[in-house]
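Please read these numbers as outputs of a predicted model, since none were measured by experiment.
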Amino acid sequence: MTPSVPEGSRVAPLPPRPEELLLVALGAVPGALLRWLLQADPLANGLGCLVIGIVSGSEPPRRRAMLLVGIGFCGSLTTFSGWILALERALGLGSVSGVALLLLELVAGVLAVLLGRGLAGRLARCRPRLRR
């Protein structure tokens, strides 16, 4: 997550700081291990979408959590390249049901992100009550 640069600006984004790279790396290892243990792309992708929805929906936004969990953990847990490879294979085989299942997984991923963001909002509203 490099800082955004206003459109039309000629200033290059700042390179990631070492502590940011470390957070991403620390999150990536458990994400990759969980993916390997699950051995199920749809489950890994759905779980990753739910988790990134929760992290991205937190108020106020937490940069370190996004680096560690969002980019590191979820980035290595989920796989766009594997999903595209499966889609390409299904298309190559002329498998209408395979393509339909992959598109269903895409819709499920978007819904999981929305669910995660909704859960994050509910947790944020409950948090003050929990502290009392």
Side-chain angles (χ1 to χ4, degrees):
M1 272 180 53
T2 57
S4 62
V5 177
E7 193 173 318
S9 174
R10 293 179 188 231
V11 178
L14 297 173
R17 295 183 305 235
E19 60 269 14
E20 293 173 329
L21 294 172
L22 181 61
L23 284 170
V24 172
L26 288 173
V29 172
L33 291 173
L34 180 58
R35 174 177 189 70
W36 178 69
L37 289 170
L38 290 175
Q39 294 187 7
D41 285 356
L43 179 60
N45 289 340
L47 178 61
C49 288
L50 178 66
V51 171
I52 204 164
I54 292 169
V55 173
S56 68
S58 67
E59 289 293 331
R62 295 188 167 96
R63 181 172 172 78
R64 288 184 175 158
M66 182 54 85
L67 290 167
L68 178 72
V69 180
I71 295 172
F73 179 78
C74 293
S76 64
L77 174 63
T78 61
T79 176
F80 184 70
S81 57
W83 186 82
I84 292 298
L85 179 61
L87 181 59
E88 184 272 332
R89 286 181 177 164
L91 287 169
L93 295 172
S95 173
V96 174
S97 60
V99 171
L101 285 173
L102 287 164
L103 293 177
L104 179 64
E105 185 181 340
L106 176 64
V107 170
V110 171
L111 292 175
V113 168
L114 293 172
L115 175 63
R117 291 180 71 81
L119 287 172
R122 289 176 78 67
L123 290 171
R125 286 190 296 277
C126 292
R127 196 169 293 141
R129 285 186 244 146
L130 294 175
R131 290 183 184 158
R132 291 181 194 166

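Across every non-hydrogen atom of Ala32 and Ser76, the tightest pair is N-OG, 3.1 Å. Counting all heavy atoms, side chain and backbone alike, Gly27 lies closest to Pro30 at O-CD, 3.4 Å. Between Cys74 and Gly48, the shortest heavy-atom distance links the atoms SG-O, 3.5 Å. Pairing each heavy atom of Thr79 with each of Gly82, the nearest pair is OG1-N, 2.8 Å. Between Ser58 and Val55, the shortest heavy-atom contact is OG-O, 3.0 Å. Across all their heavy atoms, Ala112 and Gly46 have their closest contact at CB-O, 3.8 Å.
Arg117 contributes a side-chain N or O that, together with a main-chain N or O of Ser56, makes up a donor-acceptor pair within less than 3.5 Å.
A continuous path of ILVMFWY side-chain contacts below 4.5 Å connects Leu34 to Leu26, so both sit in one hydrophobic cluster. Leu38 and Trp36 are assigned to two separate hydrophobic clusters, defined by single-linkage of ILVMFWY side chains at heavy-atom distances under 4.5 Å. Hydrophobic cluster membership differs between Leu85 and Leu77, with clusters built from Ile, Leu, Val, Met, Phe, Trp and Tyr side chains linked at under 4.5 angstrom. Residues Met66 and Leu47 fall within the same hydrophobic cluster, defined by Ile, Leu, Val, Met, Phe, Trp and Tyr side chains chained together at heavy-atom separations under 4.5 Å. Grouping the Ile, Leu, Val, Met, Phe, Trp and Tyr side chains by contacts below 4.5 angstrom, directly or via other members, places Phe80 with Leu102.
No side-chain heavy atom of Thr78 sits under 4.5 Å from any side-chain heavy atom of Arg35. Within the 4.5 Å cutoff, the side chain of Leu23 has no heavy atoms near those of the Ile71 side chain. Under the 4.5 Å side-chain criterion, counting only non-hydrogen atoms from C-beta, Trp83 is not in contact with Asp41. Glu105 places none of its side-chain heavy atoms less than 4.5 Å from the side chain of Leu101.
Ionic pairing of Arg63 and Glu20 is present here: one or more N-O contacts between side-chain nitrogen and carboxylate oxygen are shorter than 4.0 angstrom.
Annotation: the span from Ser97 atom OG to Leu104 atom CG amounts to 12.0 Å, rounded to 0.5 Å.
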